[in-house]
Amino acid sequence: MAEEKARTYKFKAEVNQLLDILVHSLYTNREIFLRELISNASDALDKVRFEITKGTDVADKDLPLEINIKLDKDKNTLTIIDTGIGMTKDEVVANIGTIAKSGSAEFLQKLAQESDAKNVANIIGKFGVGFYSVFMVAKEVVITTKSYLKDAAPVRWVSDGKGSFKVAEIDEPVKRGTTIEVHLKDDAKEFAEDWRVKEIIKKHSNFINFDIKVNGEKVNTQRAIWREPKSSLKKEQYEEFYKFLTYDPEPPLDWIHVSIDAPVQFQSIMFIPQKNYDIFGINKEDIGLDLYVRGVLIQHKYSEILPEYLGFIKGMVDSPDIPLNISRETLQENKVVIKIKQVLVKQVLSHLEKMAKNDPEKYKKFWTEHSKIFKLGYQDYGNLEKFAELLRFNSSALEKAEDLTSLADYVSRMKPGQKEIYYITGASREALESDPHLEIFKRKGVEVLYLYEPVDEFVMTGLGKYKNEYEFVAVEHADISKLEKLEDVETSETEVEEMSKGEEKVFKKLLEKIKDILGDRVTDVRVSKRLKDSPSCLVSPDGQMTSQMQKIMQIINKDTTIPKKIFEVNKDHKLIRNLLNIYKNDPKDPFITEAVEQLYESALLMEGYLTDPHKLVKRMEKILTESSEWHPQSKNLN
Ligand code: ADP
Ligand code: MG
């Protein structure tokens with residue numbers, strides 16, 4: 001067979017873009033190119049090992065599975081050779097020449113926007129940039145590769161990383177695997193130095209599951225630390241392993257190392273990262289644990305091994321009880337895998353429980369960083385009791401927005417006989433503290449949990465009760481008669497005069513009038529028992545969803561109608577008393593309608609239902625204009 005003529009291909013635009021960023025902004029961290037090449041070699045070895053264990057008849061099946069690195073200072077080259085799965089010509093063109101990884105477009109955008117070189121290095125370090133990073137140090141790269149498929153021809157790929165590459169099938173005897181010959185740039189001679197390359201491997205690739213040899217000498221020493229007894233492992237080893245797995249520049253917040261013998265046998269090391277990197281929003285594929293069977297990697301980042309709400313956890317699990325030749329498709333239904341998942345969840349939850357008890361500061365860090373996803377645990381019906389103990393909330397009994405309470409602590413502060421855990425949802429502590437619905441709770445000194453995220457309300461409804469005893473009740477659904485029985489803890493400074501019998505009668509009529517004005521926009525108008533400082537508010541009728549939940553449902557259903565609620569009026573508020581006087585003088589005074597409309601729309605605005613503020617603003621302007629007429633200085637012309 002004659003050697004075929006090499007064809008020239010252009011890199012895809014995004015590859016050029018990435019190359020540009022890599023070559024120009026990552027000078028200080030160039031060494032990670034080696035980590036990337038080694039990790040590709042290791043992936044290729046994992047793939048071929050998987051084929052071999054499945055019984056596939058692979059080419060050169062007796063080759064040892066290992067990575068060899070040859071350095072030549074005279075030629076200024078670094079060559080990395082693996083005996084992995086190799087590539088056919090089509091595969092080379094498809095895999096090396098485009099960026100297939102999902103999210104790479106956003107990733108590039110993030111990178112391009114980042115001006116701080118250190119952050120660029122961090123982002124790249126965190127996500128891995130793959131093969132192209134080699135061009136940070138290379139003036140030319142030659143890949144020779146032979147697929148594990150027996151009749152596939154070997155392929156050679158050559159590029160200087162400047163816009164295009166050449167590729168052709170070749171007529172040479174080549175053994176299975178991939179050889180990457182890196183012709184180093186003049187300013188990258190260090191990467192042909194034995195000590196330097198060994199140092200990089202120790203730093204970034206020490207846990208690779210295959211031997212890495214530099215000029216014949218094995219360099220990586222740490223393999224399968226999860227199989228070693230916990231007592232023999234040092235903090236540094238865990239941290240190093242974490243860094244190896246995640247590329248996270250920060251050490252982990254905590255780790256869980258478990259070794260289980262029954263009902264299934266497995267070992268696992270799970271890490272809780274210090275930071276939730278999902279803010280980049282490109283990390284969807286970054287969920288799950290690496291799944292090993294007897295030290296053989298079966299699946300990288302297997303997401304089904306943990307429930308979604310524990311998706312922040314990184315790490316691995318290794319079990320001899322999973323069949324080695326299991327197909328990726330049937331993993332999910334495998335009984336052993338299901339059992340492992342159940343045990344892992346229990347392990348994580350009890351670990352968090354211990355952390356909360358023994359190291360509240362650390363727990364708070366965990367909560368602040370990962371609670372958004374963790375809260376989805378309300379769907380894990382089998383573990384709700386444990387889950388509930390791990391929840392934290394801000395509350396009216398705490399001083400600052402960052403302070404947190406557990407449900408157990410809330411219960412310990414309850415009023416005698418109280419069986420409800422009250423909560424309210426809002427955008428911020430400031431917003432909630434001025435919410436009229438809370439006035440009676442403040443007056444009676446009853447604690448209310450402050451919820452700031454939409455998911456919180458699902459948590460409440462999902463749990464229903466705490467410890468099977470204390471019901472979660474939204475403030476707007478609270479049975480006010482229960483609160484009224486409690487003694488006031490705040491005394492009001494201004495004494496309010498009782499209404500006379502006659503006034504009460506007129507007031508009833510005024511309520512009727514308000515009902516007429518609001519018509520079928522409300523279900524009822526009544527005297528409020530919850531208000532103290534505000535003139536009026538809207539309340540959900542019994543059995544209705546909370547406002548927050550309604551809003552979520554409305555967004556889901558694309559529904560923009562305003563739900564009908566009860567309009568409550570604070571009989572003792574100055575404004576309402578003034579309205580009563582105006583009504584007494586002239587029940588038809590137009591100011592009454594204006595004021596009621598304004599109060600109603602203000603309440604809608606507070607609840608987040610007012611979609612068109614025009615009328616409200618016009619009315620406000622009119623009222624301000626009129627009241628300015630009464631201002632002592634408004635007619636003063638000097
Ligand atoms: P990633 O490893 O994240 O997929 P890379 O840019 O590192 O991205 O590699 C791109 C692809 O090229 C790999 O997915 C793989 O298919 C192929 N590849 C790279 N190096 C090798 C290798 N040594 N052996 C076999 N295939 C390789
Ligand atoms: Mg890679």
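Numbering of ligands and ligand atoms starts at 1, following listing order.
Checked by atom type, the side-chain pair N206/E240 shows a donor-acceptor distance below 3.5 Å. Of the N and O atoms on the side chains of N68 and E66, at least one donor lies less than 3.5 Å from an acceptor on the other residue.
In this structure, M87 counts as a contact residue of ligand 1, since one of its heavy atoms falls inside 4.0 Å of the ligand.
The pair K202-E199 does not meet the salt-bridge criterion, since no charged nitrogen lies less than 4.0 angstrom from a carboxylate oxygen.
Checked against a 3.5 angstrom limit, the closest N/O atoms of N95 and ligand 1 fall inside it. Ligand 1 has no N or O atom lying under 3.5 Å from any N or O atom of D43, backbone or side chain. Residue contacts with ligand 1: N40 is placed with a nitrogen or oxygen under 3.5 Å of a nitrogen or oxygen of the ligand (distance criterion only).
Remark: aromatic rings of Y238 and F241 are distant, center separation not under 6.0 Å.
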*asked:* Applying ring pair (Phe, Tyr, Trp, His ring centres under 6.0 Å) to Y378 and F387, what does each step give before you reach the verdict?
replied: CA-CA 7 Å; Y378 73 87; F387 173 73; 7.4 Å; no
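Because its NZ or CZ atom is both nearer than 6.0 Å to the ring centre of Y247 and within 45° of the ring axis, R35 counts as a cation-pi partner of that residue.
Of the options F131, Y148, Y132, the smallest heavy-atom separation from atom 5 (P) of ligand 1 is shown by F131.
At a threshold of 2.8 Å, the Mg ion (ligand 2) has a backbone or side-chain N, O or S atom of N40 nearer than that distance.
Near A44, meaning under 4.0 Å from one of its heavy atoms, ligand 1 places the atoms 24 (N), 25 (C).
The proximity of L37 to ligand 1, defined as any non-hydrogen pair under 4.0 Å, does not occur for either the backbone or the side chain.
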